[in-house]
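Take a look at the structure set out below.
What you see below is based on every heavy atom in this structure, not just the backbone, and it leaves out hydrogens, waters and symmetry mates. The first residue in the sequence is number 1, and the count goes up from there.
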Amino acid sequence: MNKIFANTDVGRKNIGFGMALFLILGVAVGVPLTVDFLGGSLLTAAQYQTWKVIHGYGVFLAFVNFFFGYCVDRLNLTRQQKEISSWSFILAGLFGGIGRSVLFLLSSLDGYGGYTMSFIETGLFVLGTFVFMYALIQERPAHQLS
């Protein structure tokens, strides 16, 4: 584990969250999609397709957090810029990955729940990306890797 978290401080939580999200939404949710549980699927065809999209999107969010966490500490940004971006990506993963899955399981995606979840998740991604990119264009040199 020390090699995974090597040279990370702020990004450590994103790496850990990305790995946990992958295990939850990638593995735990993905296995039932590939196996006929008790001789047949418990989901309708439409539910199955929606669940596959949520599963794939959850894996995407896991990878975004993992690789963001891996690179953010190597950039010459202020601690506050790193923390804002880091927490924004984690919260976007929680709302978009875990929250969306829970809403689907509770069948709330038909109403305003899906729109609200998408709005919050998108806003967090925009905030994290904006702070991250704004800091990058400030023309400060990156840290040298040793």
Side-chain angles (χ1 to χ4, degrees), residues 1-136 142-143 145-146:
M1 279 309 261
N2 288 337
K3 287 186 178 184
I4 292 174
F5 292 120
N7 300 322
T8 61
D9 181 30
V10 174
R12 181 177 277 257
K13 62 184 161 289
N14 292 85
I15 293 171
F17 177 72
M19 291 188 308
L21 196 62
F22 178 78
L23 290 174
I24 294 168
L25 293 177
V27 177
V29 170
V31 168
L33 287 172
T34 60
V35 177
D36 284 328
F37 187 68
L38 299 176
S41 178
L42 300 175
L43 303 172
T44 65
Q47 290 172 328
Y48 179 80
Q49 292 303 319
T50 303
W51 193 246
K52 278 178 66 172
V53 170
I54 290 172
H55 160 71
Y57 192 64
V59 171
F60 166 74
L61 292 171
F63 282 116
V64 165
N65 268 283
F66 181 84
F67 289 112
F68 174 81
Y70 188 71
C71 78
V72 70
D73 286 307
R74 288 161 174 75
L75 299 172
N76 194 14
L77 308 175
T78 67
R79 175 83 181 196
Q80 183 180 17
Q81 291 167 330
K82 290 177 185 179
E83 288 290 348
I84 291 171
S85 294
S86 175
W87 281 109
S88 294
F89 280 104
I90 287 174
L91 291 173
L94 281 173
F95 279 94
I98 303 296
R100 193 178 306 272
S101 299
V102 169
L103 281 176
F104 175 74
L105 291 175
L106 297 176
S107 299
S108 298
L109 281 181
D110 294 337
Y112 291 106
Y115 296 120
T116 303
M117 196 63 62
S118 294
F119 179 73
I120 292 170
E121 175 196 3
T122 302
L124 289 166
F125 262 114
V126 168
L127 174 65
T129 303
F130 178 78
V131 171
F132 186 70
M133 296 304 291
Y134 178 77
L136 287 176
H143 290 295
L145 295 176
S146 29

Interatomic distance, [X] atom [atom1] to [Y] atom [atom2] [nearest 0.5 angstrom]:
{"X": "I54", "Y": "I98", "atom1": "CD1", "atom2": "CD1", "result": "11.5 Å"}
{"X": "K82", "Y": "L75", "atom1": "NZ", "atom2": "CG", "result": "7.5 Å"}
{"X": "L21", "Y": "N65", "atom1": "CG", "atom2": "CG", "result": "7.0 Å"}

Checklist entry - Can you check side chain to side chain contact (heavy atoms under 4.5 Å, CB included) on V59 and H55, steps first, answer last? => result CA-CA 6 Å; V59 171; H55 160 71; 4.0 Å; yes
Of the non-hydrogen atoms in [X] and [Y], which two are nearest, and what is the gap between them?
{"X": "L61", "Y": "G96", "answer": "CD1-C, 3.6 Å"}
{"X": "K13", "Y": "S86", "answer": "CE-OG, 3.2 Å"}
{"X": "V72", "Y": "L77", "answer": "CG2-CD1, 4.5 Å"}
{"X": "G18", "Y": "A62", "answer": "O-CB, 3.3 Å"}

Checklist entry - Strictly under 6.0 Å, is that where the ring centroids of F89 and F132 end up? => result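 No; F132 has its ring centre 6.0 Å or more from that of F89.
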Next on the checklist: Tell me whether D73 is salt-bridged to R12, with the criterion being a basic N under 4.0 Å from an acidic carboxylate O.
Outcome noted: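 No, D73 and R12 are not salt-bridged.
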Checklist entry - Any side-chain heavy atom of S88 sitting closer than 4.5 Å to one from V131? => result no
Next on the checklist: Which residue is it: F22, F17, Y70, F68? I am looking for the one with a ring pair (Phe, Tyr, Trp, His ring centres under 6.0 Å) to F63.
Outcome noted: F22
